[in-house]
Visitor: 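Once you've had a glance at the structure underneath, I'll fire off some questions.
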Number of protein chains: 2
Amino acid sequence: MVRSDARENRSRILAAARQAFAEDDDTSMNRIAQLAGVGAGTLYRNYPSREALILDIYQDEVGRLVATVAELLTAFAPREALRRWTVALVDAMRKKHALGAALSPDAHKSMAERSYGPVIAAIAELLEAGKRDGSIRADAEPVDFLQLTGALWRAAPDRSEPMLALILDGLRVQTENSPLPVD
Amino acid sequence: MVRSDARENRSRILAAARQAFAEDDDTSMNRIAQLAGVGAGTLYRNYPSREALILDIYQDEVGRLVATVAELLTAFAPREALRRWTVALVDAMRKKHALGAALSPDAHKSMAERSYGPVIAAIAELLEAGKRDGSIRADAEPVDFLQLTGALWRAAPDRSEPMLALILDGLRVQTENSPLPVD
DNA sequence: CTAGCTTGTGGAGACCTCTCCACAACAATA
DNA sequence: TATTGTTGTGGAGAGGTCTCCACAAGCTAG
């Protein structure tokens, strides 16, 4: 049985966090707890890590992004849809720095977090479309792609576009010209 | 005029740090200061950031890695040389976790640090060789490549190889089949 | 209404990175 | 050797993430 004040607290935390992050993308966990009028312990019981909180806050932001996939896929060829979507994603990560950090963690903890899943699903859908029409290699992995996306986010803004181009080229179905010498 | 005790301290710090990191790759700066018998202030005056210290510690490790480039380039075709070298680099980053973190920082601060430069130079050399023999696109950028390498390091170990393959494919000189629709 | 049990709480505290500055140690000069 | 810059020092402290647990609140059942 979930205690009533507990639910109250959780939503106060989320509200406080949302506002705090809107003003300053680097707000500390302590500050959020303070703004929400709860102790650090309560904050961390609700959100076991900074990452988890951020992913929850930006859930709708991410949702909006994910929702554009279908549209992009009707308007553009899969590769171009993927390109555009990724540009938008990296852009969002850059604007909400915290989101970038949460989506490209050092380890792979965020797996299965409420926001991480949908992002992977969106990428999977875009890749699938490309595989179907033969413009993307069959062994492309959504998780790998997101990881690579993290590199774009970390890179200097003006390198983002050429790096993405490189990745997209790597995603092409490979012909076996210029074969790799095995040794 | 550099004071004599200062030089003394600096080398004590380096020695302590070297040993500490050998035992525990996550040793804290405080602990290193303590082991070296200096205050935190002194540590930070010598090494303005964690990153800087780590890069100095692993300078020879990096040096060794960099030195293998020439050898690889005589034994293998450029692309294969690049592949092997990168595998070794990522491997080293994984073994010395701290080195990985120092070489793939969130921001791009490490630029021009004593170890960062040589790594970039090594990559540049490998890429150059590939450009010369036409197996690597002319616009490939060493810094971009290192950034991407950071993604390999952060990824699950078993994804490292396929991701690298993808990057290497992206580095190929691109023929203009499967053209990208511009919109 | 109260007793008891379960669930949730706050904030002290461990440990982190990095800054700041009154003071100490050296070097140069008289 | 004494004096006087200069250069370097240590550790307190600001502010961070996250853990732990004695205690408080909410919820049944009698």
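In what follows, chains carry the letters A, B, and so on, assigned in the order in which the sequence lines appear, proteins first and then strands, with residues in each chain numbered from 1.
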Visitor: Taking CD1 from B:I13 and P from C:dC18, how many angstroms apart are they, rounded to a whole number?
Guide: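 Nearest whole value for this atom pair: 14 Å.
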
Visitor: Respond yes when some side-chain nitrogen or oxygen of A:N9 is under 4.0 Å from OP1 or OP2 of C:dG8, and no when none is.
Guide: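 Result: no.
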
Visitor: Rounding to a whole Å, what distance do you find between B:Y44:OH and D:dG8:C1'?
Guide: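 After rounding, the reported distance stands at 18 Å.
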
Visitor: Reading DNA chain D from 5' onward, which residue's closest nucleotide shows up sooner: B:G39 or A:R45?
Guide: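 So the residue in question is B:G39.
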
Visitor: Which of the following nucleotides, C:dG11, C:dG8, D:dG8, is nearest to the side chain of A:A6?
Guide: C:dG8

Visitor: So, taking the atom named CH2 in B:W85 and the one named CD in B:E71, what distance separates them when rounded to the nearest 0.5 Å?
Guide: 14.0 Å

Visitor: Begin with the C-alpha distance, continue with both residues' side-chain angles, and end with the deciding distance and a verdict on side chain to side chain contact (heavy atoms under 4.5 Å, CB included) for B:M93 and B:V90.
Guide: CA-CA 5 Å; B:M93 293 197 281; B:V90 172; 4.0 Å; yes

Visitor: Whether B:T42 contacts D:dG10 is assessed here as follows: a side-chain N or O lying under 4.0 Å from the phosphate OP1 or OP2. Is that the case?
Guide: yes

Visitor: Please report, rounded to the nearest Å, how far the C1' atom of C:dG10 is from the CZ atom of A:R10.
Guide: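 Between C1' of C:dG10 and CZ of A:R10: 18 Å.
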
Visitor: Roughly how far apart are A:R94 CZ and A:L152 CG, rounded to 0.5 Å?
Guide: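 One gets 8.0 Å once the value is rounded to the nearest 0.5 Å.
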
Visitor: Could you tell me the separation between the CZ atom of A:R12 and the C1' atom of C:dT9, rounded to a whole number of Å?
Guide: 12 Å

Visitor: Between B:E128 and B:R132, does the salt bridge (charged side-chain N to carboxylate O under 4.0 Å, His left out) criterion hold? Intermediate values first, please.
Guide: CA-CA 6 Å; B:E128 271 325 308; B:R132 243 176 280 120; 5.1 Å; no

Visitor: Take atom CD1 of A:I54 and atom P of D:dC18, then tell me their distance rounded to the nearest Å.
Guide: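 Answer to the nearest Å: 10 Å.
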
Visitor: As an exercise, state the distance from CG of B:L72 to CZ of B:R83, rounded to the nearest 0.5 Å.
Guide: 10.5 Å

Visitor: Starting at atom CZ of A:R7, determine the distance to atom C1' of C:dT9, rounded to an integer number of angstrom.
Guide: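 Checked: the CZ to C1' distance equals 16 Å.
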
Visitor: Spell out protein contact along nucleotides 24-30 of chain C as letters: B when the base is contacted, S when just the sugar-phosphate is, - when no protein heavy atom is under 4.0 Å; keep the 5' to 3' order.
Guide: BBSSS--

Visitor: At a heavy-atom distance below 4.0 Å, what parts of residues 23-33 of chain A sit against DNA chain D?
Guide: A:S28, A:M29, A:N30

Visitor: Answer yes or no: does atom CZ of B:R18 have more than 12 heavy-atom neighbours from other residues, nucleotides or ligands under 6.0 Å?
Guide: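 Result for CZ/B:R18: enclosed.
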
Visitor: Can you measure B:Y47 atom OH to C:dT19 atom P for me and round it to whole angstrom units?
Guide: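 Rounded to the whole Å, the gap is 17 Å.
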
Visitor: Could you work out, with side-chain contact (heavy atoms from CB on, under 4.5 Å) as the rule, every residue matching A:D25, not counting sequence neighbours?
Guide: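 A:D25: side-chain contact (heavy atoms from CB on, under 4.5 Å) contacts with A:F21, A:Y58, A:K96, A:H97, A:A98.
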
Visitor: Treating B:T27 as the side-chain partner and B:D24 as the backbone partner, does any N or O pair qualify as donor plus acceptor under 3.5 Å?
Guide: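 Side chain of B:T27 to backbone of B:D24, a donor-acceptor pair under 3.5 Å: yes, one is there.
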
Visitor: Is any NZ, NE, NH1 or NH2 atom of the basic residue among A:D169 and B:R137 found under 4.0 Å from an Asp or Glu carboxylate oxygen of the other?
Guide: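 Yes, this pair counts.
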
Visitor: Can you tell me how far P of D:dC18 sits from CZ of A:R50, to the nearest Å?
Guide: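 The distance from CZ of A:R50 to P of D:dC18 comes to 8 Å, rounded to the nearest Å.
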
